[in-house]
Amino acid sequence: MFLGERSVFSYCICKRELLECEAVKVRVGEYHVYTNRNTHFEYREDPDVSLFVIGIAACLNGGESALDWLWKHKQSITSIVEAEKFLGGKYVLFIRIKDSYFILGDATCSIPVFYAKCDDGATCSSIGYQIAEEQGLSVDSALLEIREGGDCSRTMPYDYTIWKGIKRLLPNHYLDVNRMCVIRMVNQPVLLSPQSAEQAAEISLPFIKRLAEYYMRKISVACALTSGRDSRAVLSVLGCSKDIPIYTMKHNEFAENTPDIVVPKQIAARVNLDYHQINDVDLTDKDIAEADGLLGEGNYSKRTLMLAHTINKHFGNYAVINGDIIGQVGKCSLHRDIPLCYATPSYFLCKLHNYTKGAKVALRKWLLDIRKTEEKVNSFDLFSIENRMGVWAANENEIYNMVGQYYLNIFNSRSIIYEWTRVDRKERKLSAIHIAIIRSLCPELLEIPFEPAGVCERILKYNGFTYLIASYLKHYFEKIKKR
């Protein structure tokens, strides 16, 4: 098992001693937890309970540490799961209660959790390929066909991987290690009354600011800036401080009049911040060989690898703060206000950018899994959280982790995300939550317009039905091109 020499947020949990694994090892009951030397962890135990926090976690509803908060709720896995709702950060929890073991990821599983059943128990790791190598598991042809039926992001549906014996833990689930089964957590067992974007921003902002402040105490942060809404919301929370470098990536296809080049310069000038423009780096043979050795050849997006190396070259000593969650949930970017009756496997297949029957079967299973519970959060939002962020973004995080780049999110907490889902999607699609946050913290950022939308784009996003039709048309055109 290889965890990477410079990786961050890298771990393995198993019963066996990995003699060839150069890592920090801690015994937790019958299991060993291995992390590399760049991965932060905290640990506490008594004869009945062990709590192991891999990564960085903050308690958002008080001044105590995440470990202290969880320790107060150690009576059962149910009480720990409820308490975890008020944590934020980038972490994995490994829990022992007497002779039972459990694993739980953060709100979006931003540190991947792959797991497999072994002869002597379970093996869990942040890197699926390393489990496959250590266990001698071969790629399953039917599962590989599903992955190859998608786009370059290499995203699999539901909890699938390309190895039949390895699964991925999704957000809103925890793993019962003894029974090797996952249990879905219900965030809203009763239908809560809707609230406005302003109310959601007011309730969630104290949590967001505490998480941002926690990160900034741990490490210097940098803010990526584009012409869009997500990065501007992040910048408003970080406080438009001169101590925080802001940057834009100038991709090879960009021109000087590209909005993602023009608008960030205007923002930097308006709030008097130092602004950096960085160019894409070329991947070396060494970069690719490193990724192939750790993640497996073909198991990652080379474009994301290039982005990770570009950021790491310029901001390797910083934690880069991304705005992914507020884009997916805050403005419903994958579904806008499409009526709930169209939340079907066919629609989600469009948004997975996959064209195989196997992927559609997996998405049908995922929907049935939700419908068996009392969950009242709509399946559009759950798709964004569990499949888009829990798989696609987690794959992205896996690459950033591998190159040693801290890649964090100030919205990564269930206490934040599920306040936003109570806002009507008709309001969210207009970026009302973004605007409420920016207006509250740094209103001058609203003086510069967001990226201009073309006529075609405005028509397609005019309402849920036009967006639905556009999504299906794009999917079928792409399917024909792929042939």
Side-chain angles (χ1 to χ4, degrees), residues 1-45 48-55 57 77 80 90-106 109-140 143 159-170 173-183 293-296 299 394-395 397-398 401-402:
M1 181 75 69
F2 181 52
L3 298 178
E5 292 179 4
R6 56 177 177 151
S7 298
V8 291
F9 304 109
S10 185
Y11 71 90
C12 172
I13 301 169
C14 60
K15 285 188 175 180
R16 292 176 314 289
E17 285 210 51
L18 303 177
L19 300 177
E20 297 180 3
C21 182
E22 295 183 3
V24 178
K25 181 181 75 172
V26 179
R27 186 72 181 257
V28 180
E30 298 176 352
Y31 281 84
H32 299 287
V33 179
Y34 297 87
T35 67
N36 71 354
R37 299 188 185 280
N38 302 322
T39 297
H40 179 78
F41 66 84
E42 295 181 81
Y43 174 53
R44 186 177 298 173
E45 69 174 350
D48 292 329
V49 177
S50 303
L51 287 177
F52 201 103
V53 182
I54 302 166
I77 186 60
I80 291 173
K90 185 169 184 171
Y91 56 86
V92 172
L93 306 181
F94 183 47
I95 303 152
R96 176 188 66 86
I97 301 177
K98 295 186 176 177
D99 295 325
S100 298
Y101 298 85
F102 307 91
I103 295 178
L104 171 64
D106 60 44
C109 286
S110 62
I111 305 177
V113 179
F114 295 98
Y115 62 94
K117 185 176 181 179
C118 310
D119 293 338
D120 60 349
T123 297
C124 304
S125 178
S126 52
I127 308 168
Y129 176 70
Q130 292 300 319
I131 297 178
E133 288 290 284
E134 201 269 335
Q135 293 292 316
L137 298 175
S138 57
V139 171
D140 182 89
L143 292 167
D159 60 355
Y160 286 22
T161 72
I162 57 171
W163 304 279
K164 196 167 187 177
I166 302 176
K167 294 285 190 182
R168 178 199 286 272
L169 189 66
L170 294 180
H173 296 74
Y174 66 89
L175 176 65
D176 183 325
V177 176
N178 295 45
R179 296 190 294 150
M180 283 305 290
C181 67
V182 293
I183 292 92
L294 196 59
L295 305 180
N299 293 336
N395 289 346
N397 273 276
E398 189 177 29
N401 294 346
M402 183 203 70

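What you see is a predicted model, and the numbers here were worked out from it, not measured in a lab.
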In Å and rounded to the nearest 0.5 Å, what is the CG to OG distance from Leu294 to Ser10?
6.5 Å
Contact check, side chains of Phe102 and Val177, non-hydrogen atoms, under 4.5 Å
no
No-hydrogen, no-angle side-chain donor-acceptor test under 3.5 Å, Asn401 and Arg6
no
Any side-chain heavy-atom pair of Phe114 and Leu169 under 4.5 Å:
no
Please identify each residue that fulfils side-chain contact (heavy atoms from CB on, under 4.5 Å) with Asp99, with sequence neighbours left out.
none
Side-chain contact test, heavy atoms from C-beta onward, threshold under 4.5 Å: evaluate it for Tyr160 versus Leu143 and give yes or no.
yes
Can you name the ring-ring contact (aromatic ring centres under 6.0 Å, His included) partners of Phe41, sequence neighbours left out?
Phe52
Centroid separation Tyr11 to Tyr34 less than 6.0 Å:
no
For the CD1 atom of Ile162 and the CG atom of Asn299, what is their distance to the nearest 0.5 Å?
4.5 Å
Does Lys117, at its NZ atom, have more than 12 non-hydrogen atoms belonging to other residues, nucleotides or ligands within less than 6.0 Å?
no
A quick test of your reading: do over 12 heavy atoms of other residues, nucleotides or ligands sit less than 6.0 Å from CG of Asp120?
yes
Taking atom CG of Asp106 and atom CD1 of Ile111, what is their separation to the nearest 0.5 Å?
6.5 Å
With Leu137, which residues qualify under side-chain contact (heavy atoms from CB on, under 4.5 Å), at least two apart?
Ala132, Gln135, Ile166
Only one of Val33, Thr123, Ile131 passes side-chain contact (heavy atoms from CB on, under 4.5 Å) with Cys14; say which it is.
Thr123
Do Val113 and Ile103 come within less than 4.5 Å of each other through their side chains, counting heavy atoms only?
yes
Validation row: Val53, Leu51 side chains within 4.5 angstrom (heavy atoms):
no
First locate atom NZ of Lys15, then atom SG of Cys118, and finally report the distance between them rounded to the nearest 0.5 Å.
10.0 Å
